[in-house]
There are 2 protein chains.
Amino acid sequence: MPAHYSLTETEEAVNRRLGAFPIRREALAAVSNLHRAAAAVRQHLENSALRVADLTWSAFVVLWVVWIWEEIETRHAAAEAGISKGTLTGIIKTLESRGLIQRSQHPDDRRLALLRLTPEGLALMERLFPAFNDEEAFVVGALEEHEALDLAACLRRIVTHLEEHGEQRRNDLRRQTPVPPRRGGRRRTE
Amino acid sequence: MPAHYSLTETEEAVNRRLGAFPIRREALAAVSNLHRAAAAVRQHLENSALRVADLTWSAFVVLWVVWIWEEIETRHAAAEAGISKGTLTGIIKTLESRGLIQRSQHPDDRRLALLRLTPEGLALMERLFPAFNDEEAFVVGALEEHEALDLAACLRRIVTHLEEHGEQRRNDLRRQTPVPPRRGGRRRTE
DNA sequence: CCAGAATCACACGTACACGAATGAAAATGG
DNA sequence: CCATTTTCATTCGTGTACGTGTGATTCTGG
């Protein structure tokens, strides 16, 4: 799904439209390319390694997290996978119905649920992971190994920065401009 | 939504589980951090600059593309926004119902639809974009300007590489292992 | 001990997001 | 010309994805 206009054309169009605005161009370029790259990588992995197992990206990430930690509480699995608990519930349901994952109750705290791979899920990951990692290597194939490591480090600094200061920043903004509630969310039963 | 386990803990767990597999670690780290960063950045922007206008990320990207090109065919808008044509249809519907965008028919080819911002949409973007760019600057705030530019360049190389060689790669894989059709997609009317 | 606060998994409503199917329209090719 | 093929936006089915509401369960201060 390549872009239709060339990078040069887009650059010219942006300049025409944004000439009057003072812009932090390096920030615009970094954020824009970040999402373009993430989408392209996800697309490639879903259509190569994951296609064979008929898994979506998110489903694979959840399997990966559970595999790595062997047994994990759902709230931690959601945090590690980078999705909300509500989203995780749906994915678990899908993976459970396919016999790849199993839920059990925490022995001490009955509010908690624990996740584990089934033997089928374990076998799938042991078969799938090498192929997945091969495709990861392919997507960074245009980079030298040290460049990929620098890239990873740079991205991690962004994540850390947002984890440490993002909430503060958003709160400050809300103080200046009160924000409407986000759309979606369960409606009050009236 | 920070991760629950520390990076060190995760590293140890990964080593325990993957000790037996030969891994391209720099690729794993780059791809993993790429998605973590993209999700964190998107989350921040949706909950800061975009929250004020009650726009989702995808809706904003579509508005941005149409703004930059002034008038654009839907298929090109989808390519530029990095979403499928089917997804674009739904987003257009939302934006049209909010009076931010308008569709019209191509004068020469009646299969094509053209997109334009309404005056309200234009006013929104002129008001919203500076605030959005401020937040983009915030998310790369942990990076020096030259680092952000290097990052953008690196990411662009990944995108270019996938656009140039991704399809070939996926076709080669399919020759080795015939893949099942993706789940989802309209079912044949039988 | 026990009332209120906190936290949990999950249900639910809205909005993407994809690829396959579909039907309309335009290009192609004899 | 007219049938075939191609190209287009859209519809449809499945699966995330979010944040909020809900009820069950546990924690906590008095």
Side-chain angles (χ1 to χ4, degrees), chain A residues 1 4 35 38-39 42-47 50-51 54-62 73-79 81-98 103-106 108-115 179-190, chain B residues 1 35 38-39 42-43 46-47 50-51 54-62 72-79 81-98 103-106 108-115 179-190:
Chain A
M1 181 193 6
H4 174 256
H35 286 89
R42 179 174 169 155
Q43 197 89 5
H44 175 78
L45 290 170
E46 284 191 338
N47 284 318
L50 298 186
R51 187 62 156 280
D54 195 17
L55 287 175
T56 63
W57 174 267
S58 300
F60 176 78
V61 172
V62 169
E73 297 174 19
T74 52
R75 59 192 168 142
H76 297 155
I83 58 178
S84 73
K85 287 186 295 175
T87 302
L88 182 66
T89 300
I91 295 174
I92 296 294
K93 226 167 118 180
T94 306
L95 292 175
E96 214 177 2
S97 76
R98 291 223 255 154
R103 292 166 6 105
S104 61
Q105 214 174 44
H106 193 286
D108 299 332
D109 189 335
R110 279 189 297 176
R111 291 173 305 180
L112 303 179
L114 296 173
L115 301 177
V179 295
R182 194 188 187 278
R183 268 144 115 96
R186 187 173 180 173
R187 294 290 169 268
R188 182 166 286 111
T189 53
E190 331 186 35
Chain B
M1 175 189 16
H35 285 88
R42 177 176 170 155
Q43 196 89 4
E46 284 192 336
N47 285 319
L50 298 186
R51 186 61 156 281
D54 197 18
L55 288 174
T56 63
W57 173 267
S58 301
F60 175 79
V61 172
V62 169
I72 187 171
E73 297 174 17
T74 52
R75 58 193 170 141
H76 297 156
I83 57 177
S84 73
K85 287 187 296 175
T87 301
L88 182 66
T89 301
I91 294 174
I92 297 293
K93 228 166 119 181
T94 304
L95 293 175
E96 214 177 3
S97 76
R98 291 224 254 155
R103 292 166 11 104
S104 62
Q105 215 173 42
H106 193 286
D108 299 333
D109 189 335
R110 280 191 295 177
R111 290 171 303 179
L112 303 180
L114 296 172
L115 301 178
V179 295
R182 193 190 187 277
R183 266 145 119 92
R186 190 172 178 171
R187 295 287 172 270
R188 181 169 283 111
T189 53
E190 323 184 43

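Residue numbers begin at 1 in each chain, while the letters A, B, ... track the order of the sequences. Computed from a prediction, not measured in an experiment: that's the story for all the values here.
Nucleotide dT16(D) holds its P atom 10 Å from the CD1 atom of I92(A), rounded to whole Å. Rounded to an integer number of Å, the gap from CG of L95(A) to C1' of dT16(D) is 12 Å. Counting to the nearest Å, the P atom of dT16(D) and the CG atom of D54(A) are 10 Å from each other. Atom CG in D108(A) sits roughly 10 Å away from atom P in dT26(D) (whole-Å rounding). Atom CG of L88(B) and atom P of dG19(C) are 14 Å apart (whole Å). Between the CG atom of L55(B) and the C1' atom of dC18(D) there is a distance of 16 Å, rounded to whole Å. Separating the NE2 atom of H76(A) from the P atom of dT7(C) is a distance of 12 Å, rounded to the nearest angstrom. Rounded to a whole Å, the NZ atom of K93(A) is 9 Å from the P atom of dC12(C).
Comparing N47(B) and T56(A) against DNA chain D, the residue whose closest nucleotide sits nearer the 5' end is T56(A). Between D109(B) and R42(A), the residue anchored closer to the 5' end of DNA chain D is D109(B), taking for each the nucleotide with the nearest heavy atom.
Take H35(A) and apply the ring pair (Phe, Tyr, Trp, His ring centres under 6.0 Å) test, not counting sequence neighbours, and it matches W57(B). A search for ring pair (Phe, Tyr, Trp, His ring centres under 6.0 Å) contacts involving H106(A) returns nothing, not counting sequence neighbours. Residues satisfying the salt bridge (charged side-chain N to carboxylate O under 4.0 Å, His left out) criterion with R75(A), sequence neighbours excluded, are E73(A). The side-chain hydrogen bond (donor to acceptor under 3.5 Å, both in side chains) search around E46(B) returns none, not counting sequence neighbours. In terms of the salt bridge (charged side-chain N to carboxylate O under 4.0 Å, His left out) criterion, R110(A) has no residue partners (sequence neighbours excluded).
Contact annotation: T94(A) side-chain N/O to dG15(D) OP1/OP2 distance is not under 4.0 Å. When the side-chain nitrogen and oxygen atoms of T89(A) are compared with OP1 and OP2 of dA11(C), none of them lie within a distance under 4.0 Å. OP1 or OP2 of dT26(D) has at least one side-chain nitrogen or oxygen of R110(A) nearer than 4.0 Å.
Nucleic acid contact class of G90(B) (heavy atoms, under 4.0 Å, all strands): none. Within the nucleic acid shown, I91(B) comes within 4.0 Å of sugar-phosphate atoms alone, with no base atom in reach, counting heavy atoms only.
Minimum atom distance to the side chain of K85(B) is reached by dC8(D), of the listed dT16(D), dC8(D), dA20(C). Candidate nucleotides dC18(C), dT16(D), dC16(C) were compared by shortest atom distance to the side chain of Q43(A), and dC18(C) ranks first. Checking dG19(D), dA9(C), dA9(D) against every side-chain atom of L112(B), the shortest atom distance belongs to dA9(D).
Two residues are said to be in side-chain contact when any heavy atoms from C-beta on lie closer than 4.5 Å; V62(B) and I92(B) meet this criterion. Contact of the L55(A) side chain with the R98(A) side chain is registered, since non-hydrogen atoms from C-beta on lie closer than 4.5 Å.
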* Just do the side chain to side chain contact (heavy atoms under 4.5 Å, CB included) check on L115(A) and T74(A) with the steps written out, would you? => CA-CA 7 Å; L115(A) 301 177; T74(A) 52; 3.8 Å; yes

Scan nucleotides 5-7 of chain D against the protein and return all N/O pairs shorter than 3.5 Å with their distances rounded to 0.1 Å.
residue, atom, partner, partner atom, Å
dT7(D), O2, R111(B), NH1, 3.0

